[in-house]
Amino acid sequence: MKINVVKNILDANNRIAADNRTFFNEKKVFVLNLMSSPGAGKTSLVEKTIIALKERYSIGVIEGDIQDSYDAERIAKLNIPVVQINTGGACHLDGNMIKETFPNFDFDNLDLLITENVGNLVCPAEFKIGENAKIMILSTPEGADKPAKYPLMFAESAVLLLNKMDLAPYVDFDLKKAHHDALAINPKLKIFEISCKDESGLKHWFSWLIKEIEDFRQDPN
Amino acid sequence: MHEISLIQSLLTIIDDHAREHGFKKVNQVSLSCGRLSTVEPLALDFAFKILTETGICAGAELKLDILPLKIHCFSCDREFESKNGDPTTCPNCNQDQVTVTGGWDELQLIEMDVD
Ligand SMILES: Nc1nc2c(ncn2[C@@H]2O[C@H](COP(=O)(O)OP(=O)(O)O)[C@@H](O)[C@H]2O)c(=O)[nH]1
Ligand SMILES: [Mg+2]
Ligand SMILES: [Zn+2]
């Protein structure tokens with residue numbers, strides 16, 4: 001007997017992510033899902049963001065990157081609550097992994113939760129975790145062909161940070177192509193050119209984030 | 001790369017349906033995924049095989065239908081199927097005034113053959 005079903009296979013994860021989102025709304029916690037390939041600069045960006053915003057907001061971090069607890073230790077040095085998720089080699093964070101970290105945070109006193117996803121341009125894009133915004137980092141040594149090769153992550157993200165701009169002249173990064181292809185895939189994408197090394201451009205990223213957090217606190221829904 | 005977790009989700013959905021509709025055996029499972037979804041067909045097959053050695057899907061066949069990438073071009077004012085998988089340019093006129101209309105990251109269970 002044939003039966004028609006037509007059901008999204010990621011429904012179960014989407015449901016958990018939606019529950020997480022409801023919970024974060026109640027607690028007024030703004031959540032970022034930070035994605036990139038390994039070494040593009042996620043942990044560096046988390047560090048810079050914490051240093052810039054920690055007087056203004058109370059911040060927590062979830063580290064999903066596989067390189068043991070090295071990243072978590074970098075964050076803990078900044079006196080920020082950080083939870084390392086052991087993905088057991090998984091290629092992405094999912095809604096349930098985020099939910100399991102809840103007992104480790106004091107959400108009544110948290111404004112911003114930054115999750116550093118597993119370094120991977122492919123899988124994290126398909127799994128919602130209950131975030132307000134997906135943020136993607138592409139670093140200049142990776143090349144400007146990445147939007148065309150990995151379109152899904154660009155399509156899902158609210159912001160693209162082009163990192164390691166200090167290296168752009170040495171690696172012949174085609175800035176025009178990167179902007180062009182990324183916007184062709186996602187016309188709403190906000191693109192900021194930054195360097196976590198010389199800190200150029202970071203202030204535009206901070207302003208964007210502050211505005212988003214303030215809008216959210218006015219009207220979490 | 002996450003085919004194991006996809007199959008686990010799939011099996012949960014199938015178990016829910018089995019409970020609801022009272023079938024005891026699944027012979028065939030048909031899925032569809034968009035050309036740009038990150039599913040790797042061989043890895044999906046393998047994950048299905050090892051996760052269904054026992055249970056209601058034991059011995060069942062997995063069918064995967066890959067939906068072609070569809071692009072609407074505003075310059076040509078019509079829809080095209082993109083053979084090369086590039087979502088940023090029109091396969092007809094090579095311009096970039098395009099939007100993807102199908103074959104993205106959809107991943108769906110479509111139908112099952114059951115007893
Ligand atoms: N030159 C340069 N190096 C950077 C920049 N951002 C990060 N890095 C370096 O890139 C390497 C990987 O950065 P990390 O933040 O650990 O990347 P992650 O794997 O994405 O978390 C480290 O050695 C960083 O110091 C940048 O803007 N310019
Ligand atoms: Mg890291
Ligand atoms: Zn055209």
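Keep in mind that what you see is a predicted model, and the values were worked out from it rather than measured. In what follows, chains carry the letters A, B, and so on, assigned in the order in which the sequence lines appear, proteins first and then strands, with residues in each chain numbered from 1.
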Asker: Pick one of side chain, backbone, both or neither for B/V100, based on which atoms fall under 4.5 Å of a heavy atom in chain A.
Answerer: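 For B/V100, there is no contact with chain A at all, as no heavy atom is under 4.5 Å.
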
Asker: CD1 of A/I3 to CE of B/M112: how many Å apart, nearest 0.5 Å?
Answerer: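 Interatomic distance, A/I3 CD1 to B/M112 CE, rounded to 0.5 Å: 4.0 Å.
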
Asker: Using every non-hydrogen atom in the two residues, find where A/V5 and B/H17 come nearest and quote the distance to one decimal.
Answerer: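 What the structure gives for the nearest pair is CG1-NE2, 3.3 Å.
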
Asker: Which value, rounded to the nearest 0.5 Å, describes the distance between B/H2 atom NE2 and A/C91 atom SG?
Answerer: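 That separation rounds to 6.0 Å.
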
Asker: For A/F127 and B/L6, which heavy atoms make the closest approach, and how far apart are they?
Answerer: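 Nearest heavy atoms, A/F127 then B/L6: CZ-CD2, 4.2 Å.
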
Asker: Taking side chain as everything from C-beta outward and backbone as N, CA, C, O, which of these in B/S37 sits under 4.5 Å from a heavy atom of chain A? Side chain, backbone, both or neither.
Answerer: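 For B/S37, the contact with chain A is made by backbone and side chain together.
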
Asker: Which atoms form the tightest heavy-atom contact between B/P87 and A/P151, and what is the distance?
Answerer: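 So the minimum-distance heavy-atom pair works out to CG-CB, 3.5 Å.
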
Asker: Could you tell me which of A/D94, A/I9, A/D11 has the largest number of non-hydrogen atom pairs under 4.5 Å with chain B?
Answerer: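 Of the candidates given, the most pairs with chain B belong to A/I9.
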
Asker: Could you check whether atom NZ of B/K63 has more than 12 heavy atoms from other residues, nucleotides or ligands sitting under 6.0 Å from it?
Answerer: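 Result for NZ/B/K63: open.
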
Asker: Specify the closest pair of heavy atoms between B/T88 and A/A184, including all atoms of both residues, with the distance to one decimal.
Answerer: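 Shortest heavy-atom separation between B/T88 and A/A184 comes out as CB-CB, 3.9 Å.
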
Asker: How many angstroms lie between atom NZ of A/K7 and atom CG of B/L109, to the nearest 0.5 angstrom?
Answerer: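 The CG atom of B/L109 is 9.0 Å from NZ of A/K7, to the nearest 0.5 Å.
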
Asker: Pick one of side chain, backbone, both or neither for B/L31, based on which atoms fall under 4.5 Å of a heavy atom in chain A.
Answerer: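 It is the side chain, since no backbone atom gets that close.
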
Asker: Got a sec, which pairs hit salt bridge (charged side-chain N to carboxylate O under 4.0 Å, His left out) with one end in residues 92-105 of chain B, sequence neighbours left out?
Answerer: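 Of all non-adjacent pairs touching residues 92-105 of chain B, none passes salt bridge (charged side-chain N to carboxylate O under 4.0 Å, His left out).
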
Asker: Hydrogens and angles aside, do A/E126 and B/T38 bring a side-chain donor and acceptor to less than 3.5 Å of each other?
Answerer: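 Looking only at side-chain atoms, B/T38 and A/E126 do form a donor-acceptor pair, the distance falling under 3.5 Å.
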
